[in-house]
Student: 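I have a structure here, written as structure tokens, and I will follow up with some questions on it.
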There are 2 protein chains.
Amino acid sequence: MSTTTLWDVSANNQPHRGHPARSTLADVARLAGVSGSTASIAFSGDGSISAATREKVLKAAAELNYYGPDPRAKSLRQGRSGIVGVVLEDRIIHSFRDPMTIAALDGISQEIGEGGGMLLLTATGVGEPSIQTAVFDAAIFLGCSPHLAGSITVMRQRNVPMVAIEGQHFDGVVAVDLDNRKAAAVMAQHVYDLGHRLVATVTLPLDARRELRALTPADLETATTAVSRDRLEGARAVYPSVTGFVTSTSSSDDGFAAALLLLDVAPDARPTAIIAQSDLIAVGVIRAAEALGLLVPHDVTVVGFDGARIEGFTHHDLTTMVQPATEKGRAAGRAVTELLAGEASPDVAFTCRLHVGDTAAPPTAVAR
Amino acid sequence: MSTTTLWDVSANNQPHRGHPARSTLADVARLAGVSGSTASIAFSGDGSISAATREKVLKAAAELNYYGPDPRAKSLRQGRSGIVGVVLEDRIIHSFRDPMTIAALDGISQEIGEGGGMLLLTATGVGEPSIQTAVFDAAIFLGCSPHLAGSITVMRQRNVPMVAIEGQHFDGVVAVDLDNRKAAAVMAQHVYDLGHRLVATVTLPLDARRELRALTPADLETATTAVSRDRLEGARAVYPSVTGFVTSTSSSDDGFAAALLLLDVAPDARPTAIIAQSDLIAVGVIRAAEALGLLVPHDVTVVGFDGARIEGFTHHDLTTMVQPATEKGRAAGRAVTELLAGEASPDVAFTCRLHVGDTAAPPTAVAR
DNA sequence: GTAGACATTCGAATCGATTCGATTCGGTAC
DNA sequence: GTACCGAATCGAATCGATTCGAATGTCTAC
């Protein structure tokens, strides 16, 4: 029935495979001549115990090569494993390549790790069933789509606290939000105010399809990825009919490819500004522009989103919306901590800040 | 006693906090009118059961909002949690910034994730105790130092299979190695063969200290990070007295800073080649050279290590030793899978390949 | 001398499932 | 009609600890 042969339990059934039989707390207690409860206290430290007894227990433990309670049993009894699940939308490698995800993960690990918690990474999609079999105390969804509805039901039933960073809002899931829509509108307005009228956009993936393709009007309807949809809506608030491309992932390669298609056209059809939905994409766009012999911002204005510090991109100061990415992660981590402590935790909303760099300028009057 | 108040269990003791009491498999069995064992089979699927009975159980489960067995209890009984611990040397954020670590993680997750396993990230250091309380079936050490000896003892006693990628060799820990020493020597020889006699190196961190500093002869003795030590030894095999700088982390910023110190000197004291221990560092070195008005490779040869594809570094083709980073991760993942299946798994050794790019050339005869 | 307070220690129940050996039962073969 | 077989189901033990209430022992106070 189960397709996951890798974790087949049968291999585990052999009583002992050459190794000396593992000793348990009960063995230790027996050797030390105390009850199991006392031995437990000797290790956990909560409950009163005389120094002599503890000594005796620890000595017995050393003798039996017993190094402390089995985490599995402990977690069953206590209902706590110290593990926080982080659910990523993408395949793990994609997430790792996105500086914003990394920053959020870092923020999470700062808060969680400090308290001795650990991070369990999971991705939705192929391995989705695993999320239901996972031993974790709380879950953080990182930019996840509605796919999750089922899993969320399960976790809710298990009383597993949940936090969603920039995802769809679900009942009983603490939201850590970013004002993507508004920020994208602010940025678009900035470009508009500079005088640009013919602009294009390069968006992040809008749904599960992972391929670079032209943005179609239908995309807004069918979009499942909240972040990209919101940013696109923000841009459309200023440029209602903006078109462009949808990337397969937030990368400068995709930005490069998209920009080649957008910019390698007759000068009077060429957009005077490109609004990229991420800094990584923006960098690719700039690189493509320069490869085509265009100057940024003289010939084309390029703006990004995120405020990522991009390794190796130093000759420009990108105009972008700076978001508090690490802070988002920390907020999620704190929320989890609070929820696990039995406290309520309010939703949090973060805002972006416009950073005016040197990649946006008024359009140059060409033959138009 | 325990300092980890965050995961305090007390908050969990409240019987039910507004939520309806969680139902268990026993409740389901009772409602369905079957025994617990039968109900278990209805979910797990191994064991024979009539379709009618299964149906009855699933219906009862639905009625009680029971969504499947509690992973904690399951893992206790089966002795398997489906979790593979990945132990990182550094703070998590540092690891995330290193493309080689990311690649290895990706490789691991490819192999592990495919079988339904999950990745639990931990770092040594502050949270070290946690490694002993962690619920995992196997552990992968990613470039870890001898700090771990204690933890390894514990895991060994628990029969937790272990794999170390490029770490110190421990008994009973499968090694996935890279020929760092030899590859570094090959690279140094390449530089030597080009005619360079005055060279400097910029190394990765050699021990727990995380600061940019001058490389001293004592460093080789006290080095605890195997990778950096091996690469340094490789370079010394060709240039026995090579000096230079030790970075705080693999980053182009540190490479930049180190290179400024190395290159901003009188031309006849300036090294004609710089051997960087990572591509990230090499990129920083090249950037610094160019900032000083030096041409690469005309004025200074720069070589790296790793074969990382660096975002935004396109105007040069770095001469470097290419390592199969993702493949290392996959090998580790496979090893874990085999070990968990009860099979033996041999050590694996990977080799690097010299990639000759355009950043290394014979030295130009200056006034020397 | 005895009651009460306090610190230790113990026994047994519990966490929530899985699993193994035994049992039941309908059906087939002779 | 009896013997036997396989499929379905059940009961009870088990995984390895934690925890709570009860029992024991010690010391102080009056």
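Here the structure is a predicted model, which means the values were calculated and not measured. Numbers restart at 1 for each chain; the letters A, B, ... are given by sequence-line order, proteins then strands.
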Student: When you check the phosphate oxygens OP1 and OP2 of D/dT19, does a side-chain N or O of A/Gln78 lie under 4.0 Å from one of them?
Tutor: yes
Student: With a 4.0 Å limit, can you tell me whether A/Lys74 has a side-chain N or O closer than that to the phosphate oxygens OP1/OP2 of D/dT18?
Tutor: yes
Student: Nearest-nucleotide wise, let me know which of B/Ala73 and B/Ile41 is further upstream toward the 5' end of DNA chain D.
Tutor: B/Ile41
Student: Can you see whether B/Ser40 engages B/Ser37 through a side-chain donor-acceptor pair at a distance of less than 3.5 angstrom?
Tutor: no
Student: Choose from D/dC20, D/dA17, C/dT9 the nucleotide whose nearest atom is closest to any side-chain atom of A/Ser37.
Tutor: D/dC20
Student: At 4.0 Å (heavy atoms only), tell me whether A/Ser48 reaches a base, stays on the sugar-phosphate, or touches nothing.
Tutor: base
Student: Would you classify B/Thr24 as touching base, sugar-phosphate or nothing, given that sugar-phosphate means primed atoms plus P, OP1 and OP2, and contacts are heavy atoms under 4.0 Å?
Tutor: sugar-phosphate
Student: Starting at atom CD of B/Glu55, determine the distance to atom P of D/dT9, rounded to an integer number of angstrom.
Tutor: 13 Å
Student: Below 4.0 angstrom, N of the basic side chain to O of the carboxylate: do A/Asp106 and A/Lys328 qualify?
Tutor: no
Student: Give a yes/no on whether any side-chain N or O of B/Thr53 is located under 4.0 angstrom from OP1 or OP2 of D/dT9.
Tutor: yes
Student: Over how many whole Å does the gap from A/Arg54 atom CZ to C/dT8 atom P extend?
Tutor: 11 Å
Student: Just to verify, which of B/Ile165, B/Val163, B/Val87 counts as forming a side chain to side chain contact (heavy atoms under 4.5 Å, CB included) with B/Leu142?
Tutor: B/Ile165
Student: Measure the distance from CZ on A/Arg30 to P on C/dC10 and round it to the nearest whole Å.
Tutor: 14 Å
Student: Using atom CZ of B/Phe43 as one end and atom C1' of C/dG16 as the other, report the distance to the nearest whole Å.
Tutor: 13 Å
Student: When you match A/Gly36 and A/Ser50 each to their closest nucleotide on DNA chain C, which lands nearer the 5' end?
Tutor: A/Ser50
Student: Is there a donor on the side chain of B/Ser35 or the base of D/dG11 sitting less than 3.5 Å from an acceptor on the other?
Tutor: no
Student: Return the value, rounded to whole Å, for the distance between atom CG of A/Leu25 and atom C1' of D/dG16.
Tutor: 8 Å
Student: In whole Å, what is the span from the CZ atom of B/Arg22 to the C1' atom of C/dC15?
Tutor: 9 Å
Student: Find the distance B/Arg72:CZ to D/dG16:C1' and express it as a whole number of Å.
Tutor: 16 Å
Student: Among D/dA8, C/dT9, D/dG16, which nucleotide sits nearest the side chain of A/Ile49?
Tutor: C/dT9
Student: Specify the separation, in whole Å, of atom CZ of A/Arg77 and atom P of C/dA17.
Tutor: 15 Å
Student: Can you tell me how far the CG atom of A/Leu105 sits from the CG atom of B/Leu121, to the nearest 0.5 Å?
Tutor: 8.0 Å
Student: Dump the intermediate steps for ring pair (Phe, Tyr, Trp, His ring centres under 6.0 Å) on B/Tyr66 and B/Phe43, then the final yes or no.
Tutor: CA-CA 11 Å; B/Tyr66 178 87; B/Phe43 279 95; 5.4 Å; yes
Student: State which of D/dA17, D/dT9, C/dC10 makes the closest approach to the side chain of B/Thr38.
Tutor: D/dT9
Student: Would you mind telling me which of C/dT9, D/dC15, D/dC10 lies closest to the side-chain atoms of B/Leu76?
Tutor: D/dC15
